[in-house]
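The structure under discussion appears below in the form of structure tokens.
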2 protein chains.
Amino acid sequence: MGARETGHEVLAAVLRISDGQPQVLAWQRAQEPDLGRWALPGGRLRDDEDVERSVLRQLAEKVDVREVAHVEQLGVFSDPCRVPGVRLIATAFLGLVPSDADPAIPDDTAWRPIAPGEGPAIAGAAFDHDTIVSAARDRLRAKLSYTNLGFALAPREFTISALRDLYVAALGHSVSATNLQRVLTRRALLEPTGSVAPPGPSGGRPAAVFRFTDRALRVTDAFAVLKPPGEHGRGAVT
Amino acid sequence: MGARETGHEVLAAVLRISDGQPQVLAWQRAQEPDLGRWALPGGRLRDDEDVERSVLRQLAEKVDVREVAHVEQLGVFSDPCRVPGVRLIATAFLGLVPSDADPAIPDDTAWRPIAPGEGPAIAGAAFDHDTIVSAARDRLRAKLSYTNLGFALAPREFTISALRDLYVAALGHSVSATNLQRVLTRRALLEPTGSVAPPGPSGGRPAAVFRFTDRALRVTDAFAVLKPPGEHGRGAVT
DNA sequence: CCAAAAGTGTTGCGGATACACCCATGG
DNA sequence: CCATGGGTGTATCCGCAACACTTTTGG
């Protein structure tokens, strides 16, 4: 019960898919503790802001926040020993940046690759930041399948196969372009722009260009089972 | 940027179903601010505990924590003005108590009814505690349909129709006992104890008694769509 | 004309709901 | 023997995954 100084920080695991691989924005610490290790962007919460405002402010120091398509709370990390020396409670966020955005970032900052699957998400993470990145990766995976969260990974306009590649990288398993298109159009998440993309150097039919109808999070599959009566196969798209 | 004293509190929305209605544990404030209004149990986070430990400690002051079958983080509530005068950040939790448990509670504390549906969850809530109860109610509803969370609402042993009544109250819509049993047994969440419950005063066939196979949270329906290939109808029960 | 990429048609499977029907008990 | 509540069998629906097939381009 010592009167150890306690503080509150906000951390953001900002993810994007680039070159078929999930990445997280991190900066390399230039001081002890954890010198040389990779830390998530963030910082102290101010008196006059809530954590949602704070995370946007902190991110603005690293990237152009207009590029961040979606932000949501992940949870609180509060182990008394999570940062040596001080008592620092962290509220962690998931942020998503579309794959075509390439915001300018500071010199000490880089996009670090995220391992798929279950284990540690990034190598050389500072403090408990790997736990946070894992939570972010898992949250993204889960929400891709029952929300329209794909909008936050994709460019404003895209072909189905480009979108498929994003889902493959984020989910960590193969995804059929055919079925992806059907699932997303059935739920009215996609709409064609009308234009087509030119085929690649080896030919092939030009791909139709789509966009997401909404660019804000929407739950499209609220009830897996135990739907309210009378909604038999209607999927409860509220 | 004033050096206003800031603190961290932990709050718990402890829910149970009683008499076919969801209820939340709350205590009536005896001081300003918000005198007479209903507040969630909780209190200051100590230096040597994380929020998970803290919420269990705080709950121990109100109820027998052994009765609490499940606890999980809901999120951070950090509006600078959420509590007048001081800067107080709250980490909120959802707690669940089985319907047959009736723990002793202090005089100022009571089980307050929760409104179903969308609007405000309880009347006369202190501070932003209604928002927290709403979040708890929504979380419970969502997880009932894709996890085994029912175990935290139900007694250790129960009949299907008793379980159905719990689901009806928690979900806010009718649930068929037939289908509830099939869904839960197909997913191997229920097992029969072998015994039967005596019929009511008006007769009827004696009901078989069941229990949940697991009494810890398990996700039973991870992928609504976009399952990994080769898992066609297998439901991905990992 | 062939290869490559995109997109559509079609089939099959399986879970979930709904409903009809059988079972066991009290009065 | 009837009413009441419990439980099972079965039909239907519908979404999704899988795959065959057609379309449109480049070489």
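Numbers restart at 1 for each chain; the letters A, B, ... are given by sequence-line order, proteins then strands.
- Regarding contacts with the backbone of dT4(D), every side-chain N or O of R205(B) stays at 4.0 angstrom or more from both OP1 and OP2.
- Environment of CZ in R53(B): sparse, with no more than 12 heavy atoms of neighbouring residues, nucleotides or ligands closer than 6.0 Å.
- Evaluation of the salt bridge (Lys or Arg N to Asp or Glu O under 4.0 Å) rule for R137(B) yields no partner, not counting sequence neighbours.
- Rounding to whole angstrom units, CG of residue L163(A) and P of dA6(C) are separated by 13 Å.
- Near DNA chain C, meaning a heavy atom under 4.0 Å from it, residues 166-180 of chain A has T178(A) in order of number.
- As a whole-Å value, the separation of F158(B) CZ from dG7(D) P is 12 Å.
- The side chain to side chain donor-acceptor pair (under 3.5 Å) test applied to R141(B) returns D138(B), not counting sequence neighbours.
- At a threshold of 4.0 angstrom between heavy atoms, the contacts of P201(B) are confined to the sugar-phosphate backbone, with no base atom among them.
- Checking dG6(D), dG7(C), dT25(D) against every side-chain atom of A207(B), the shortest atom distance belongs to dG6(D).
- Atom CZ in R187(A) sits roughly 13 Å away from atom C1' in dC14(D) (whole-Å rounding).
- F210(B) places its CZ atom 12 Å from the P atom of dG6(D), with the value rounded to the nearest Å.
- Summarising the geometry, the separation between CD1 on I160(B) and C1' on dT8(D) is reported as 13 Å, rounded to the nearest angstrom.
- Rounded to whole Å, atom P of dT17(C) lies 11 Å from atom CG of L184(B).
- Every salt bridge (Lys or Arg N to Asp or Glu O under 4.0 Å) that E72(A) has, sequence neighbours left out, goes to R139(A), K143(A).
- Distance CZ/F223(B) to NE2/H173(A): 5.5 Å, rounded to 0.5 Å.
- Residue Q181(B) places none of its side-chain N or O atoms closer than 4.0 Å to OP1 or OP2 of dG6(D).
- The 5' end of DNA chain D is approached more closely, in terms of each residue's nearest nucleotide, by S202(B) than by the other of S202(B) and P206(A).
- Listed nucleotides dG15(D), dA17(D), dG7(C) differ in distance to R186(A); the shortest reach to its side chain belongs to dG15(D).
- Put simply, the side chain of D108(A) never gets that close to the backbone of Q28(A): no donor and acceptor are under 3.5 Å apart.
- Residues meeting the salt bridge (Lys or Arg N to Asp or Glu O under 4.0 Å) test with E52(A), sequence neighbours left out: none.
- The residue among R164(B) and A224(B) whose nearest nucleotide of DNA chain D lies closer to the 5′ end is R164(B).
- In terms of polar N and O atoms assigned as donor or acceptor, the side chain of R182(A) comes within less than 3.5 Å of the base of dG9(C) in a complementary pairing.
- Checking side-chain atoms of T91(A) against main-chain N and O of V51(A) turns up no donor-acceptor pair under 3.5 Å.
- Of the possible donor and acceptor atoms, none in the side chain of D130(A) sits under 3.5 Å from a partner among the backbone N and O of A125(A).
- Of all the residues in residues 144-157 of chain A, not one reaches under 4.0 Å from DNA chain C with any non-hydrogen atom.
- Taking atom NZ of residue K227(A) and atom P of nucleotide dG15(C), one finds them 14 Å apart after rounding to whole Å.
- Contact of the T213(B) side chain with the R187(B) side chain is not registered, since no non-hydrogen atoms from C-beta on lie closer than 4.5 Å.
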